[in-house]
Amino acid sequence: MPELPEVETVRKGLERLVVGKTIDAVTVLWPRIIELPEVPLFQAFLSGQEIIGVQRRGKFLILKLTDFDLVSHLRMEGKYEYFPSAQTAIQDKHTHVIFQMQDGSQLQYRDVRKFGRMALVPKNQSSKYKGIQQLGPEPLSHDFDKIAFQEALKKKTMAIKPLLLNQKIVVGLGNIYVDESLWLASIHPERLASSLTERETSLLYESIIAVLGQAVEAGGTTIRTYANALGEAGTFQVSLQVYGQTGQPCARCQTPIQKIKVAQRGTHFCPTCQKNKEVRR
DNA sequence: CGCAATGTTCGAAA
DNA sequence: TTTTCGAACATTGC
């Protein structure tokens, strides 16, 4: 459930389903999911906490509690499942953390690959959390400044795709939306950031906002994941132009979409629209 | 069997 | 210091 639009969709789902509820008890079935503090303390601190609100920063979810901030990152396949009643709750082998609410409902954290992480930090201190502290601006907020974005790219000698994936220049892009944004801006994923023209960085800035904005409106992209209680409603997969479209004709020029490896990630692009002006490797 | 999969982090090497 | 590369985490499905 990973990139910004999917996480935002989960945030809305959690806001609707668990805000106002008070946690009664927490069960942890895979301790490594819990980064901070140690599991027994994590459980003790959470007991009796009311969920006041649910925020998002980049791909991190932040549950605002009475006395703490609960930071949650879904990584590759983490998801939340809500059950109105513990009696009818279904626990499967991928359920790793269970939040039992005082009203009898239950929130489960499931994660096939167990890559997701949770950390309980002091109230209103989530911005100091190590994973969040170093994040760039939110692409759909006014913090995302075009000039600052262009200036940041000028200074970087890295290929543009891995640079956009590292969450420092701007947050929220992952493998799907970075490919989509670069296609929309007609930029080759291996172009060196510093080699982009002002016109290109401007177009890329607009493309990132357009792609993520539309994906949020669509409730995110749902691929190779089963429908679950939160954040499954995504329909952006029908709007994908390059991701998973290998061999399909480019919507702009009909050239078959190609798939290559960039920074160890599968990368989809149009070899005609997105030419690499560099002579790399 | 081998590989790739919506992500991040850490250590080593350049 | 910056960047790059590979591995690690862990499981599933093609």
Side-chain angles (χ1 to χ4, degrees), chain A residues 1-11 29-36 56-61 71-80 92-96 109-119 129-136 152-182 189-190 192-195 211-212 215-216 218-228 230-237 239-246 259-268 278 280-281:
Chain A
M1 277 276 121
E3 306 175 48
L4 186 150
E6 293 75 38
V7 178
E8 177 61 18
T9 303
V10 173
R11 186 197 68 74
L29 294 90
W30 190 261
R32 295 194 62 168
I33 301 275
I34 313 301
E35 267 191 329
L36 282 172
R56 180 189 58 72
R57 177 73 175 96
K59 302 175 192 172
F60 288 88
L61 286 165
V71 177
S72 167
H73 197 301
L74 277 24
R75 294 285 179 93
M76 292 288 263
E77 304 211 32
K79 46 195 67 116
Y80 282 98
D92 69 13
K93 63 173 176 176
H94 303 306
T95 298
H96 306 308
Y109 176 72
R110 295 182 176 180
D111 192 337
V112 169
R113 293 169 73 177
K114 301 173 177 165
F115 285 176
R117 293 293 180 262
M118 289 181 200
Y129 172 70
K130 64 172 166 44
I132 290 181
Q133 194 177 293
Q134 43 186 358
L135 296 179
L153 294 191
K154 267 186 205 169
K155 295 183 200 138
K156 297 294 182 180
T157 60
M158 276 173 85
I160 187 64
K161 170 158 175 172
L163 184 62
L164 292 177
L165 284 176
N166 81 12
Q167 313 296 303
K168 290 191 167 74
I169 306 292
V170 60
V171 298
L173 292 168
N175 211 33
I176 294 179
Y177 300 111
V178 78
D179 281 2
E180 294 296 316
S181 299
L182 288 169
E190 289 179 300
L192 297 188
S194 58
S195 79
V211 166
L212 291 177
V216 166
T221 298
T222 306
I223 50 171
R224 56 182 250 103
T225 334
Y226 303 116
N228 62 313
L230 304 176
E232 98 296 345
T235 57
F236 197 74
Q237 57 275 17
S239 302
L240 295 176
Q241 302 295 325
V242 285
Y243 186 87
Q245 308 300 308
T246 311
K259 183 173 180 184
I260 59 172
K261 205 77 141 175
V262 177
Q264 287 103 238
R265 306 298 302 276
T267 298
H268 314 72
E278 309 311 308
R280 290 175 54 83
R281 213 170 313 263

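These numbers were taken from a predicted model, which means no experiment stands behind them. Below, chain A is the first sequence line, B the second, and so on; all start at residue 1.
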Discussion item. What is the separation between atom CD1 on I223(A) and atom P on dT12(C), rounded to the nearest whole Å?
Written reply: 18 Å

Worksheet entry | K168(A): salt bridge (charged side-chain N to carboxylate O under 4.0 Å, His left out) partners, not counting sequence neighbours | none

Worksheet item: Distance only, no hydrogens: is a donor on one side chain within 3.5 Å (strictly under) of an acceptor on the other, for H96(A) and D111(A)?
Response: no

Worksheet item: How would you list, by chain and number, every residue that makes a side chain to side chain donor-acceptor pair (under 3.5 Å) with K259(A), sequence neighbours excluded?
Response: none

Practice prompt. In whole angstrom, give me the gap between the C1' atoms of dT4(C) and dA5(B).
Written response: 22 Å

Practice prompt. List in chain and number order the residues that pass side-chain contact (heavy atoms from CB on, under 4.5 Å) with Y129(A), two or more places apart in sequence or in another chain; answer none if no residue qualifies.
Written response: E35(A), F60(A), V71(A), A119(A), V121(A), I132(A)

Worksheet item: How many Å lie between NZ on K168(A) and C1' on dT4(C), as a whole number?
Response: 14 Å

Item to complete: Assess the side chains of Y109(A) and S72(A): does a donor N or O sit below 3.5 Å from an acceptor N or O?
Response: no

Please tabulate the protein-to-nucleotide N/O contacts below 3.5 Å involving nucleotides 7-14 of chain B, giving atom names and distances.
unit_1	atom_1	unit_2	atom_2	d
dG7(B)	OP1	K59(A)	NZ	3.0
dG7(B)	OP2	N175(A)	N	3.2
dG7(B)	OP2	R265(A)	NH1	3.3
dG7(B)	OP2	R265(A)	NH2	2.5
dG7(B)	N2	R75(A)	NH1	3.4
dT8(B)	OP1	H73(A)	NE2	3.1
dT8(B)	OP2	K59(A)	NZ	2.9

Response to the item:
K59(A) meets the side chain to side chain donor-acceptor pair (under 3.5 Å) criterion, sequence neighbours left out, with none

Worksheet entry | dG2(B) versus dA7(C) - spacing of their P atoms, nearest Å | 15 Å

Discussion item. In this structure, how many angstroms lie between the P atom of dT11(C) and the CZ atom of R110(A), rounded?
Written reply: 16 Å

Fill in: With R11(A) via salt bridge (charged side-chain N to carboxylate O under 4.0 Å, His left out) - residues at least two apart
E8(A), E15(A)

Worksheet entry | Atom pair distance, as rounded to whole Å: NZ in K261(A) and P in dC5(C) | 13 Å

Practice prompt. Give the rounded distance in Å between these two atoms: CG of L153(A) and P of dT3(C).
Written response: 12 Å

Worksheet, complete the sentence: Those residues at least two apart in sequence (or on a different chain) that pass side-chain contact (heavy atoms from CB on, under 4.5 Å) with A193(A) are L153(A), K156(A), I160(A), L163(A)

Fill in: Any Q264(A) side-chain N or O less than 4.0 Å from OP1/OP2 of dC5(C)
no

Worksheet item: Starting at CD of E35(A) and ending at C1' of dC9(C), how long is that distance when rounded to a whole Å?
Response: 12 Å

Discussion item. If you compare every side-chain N and O of K156(A) against the phosphate oxygens of dT1(C) (OP1, OP2), does one of them come in below 4.0 Å?
Written reply: no

Item to complete: Anything below 3.5 Å on both distances counts as a pair; with that, list the stems of at least three consecutive Watson-Crick or G-U pairs involving DNA chain C.
Response: B:2-5 with C:11-14, B:7-14 with C:2-9

Practice prompt. Using the test side chain to side chain donor-acceptor pair (under 3.5 Å), find all partners of T267(A) that sit at least two apart in sequence or belong to another chain.
Written response: K161(A)

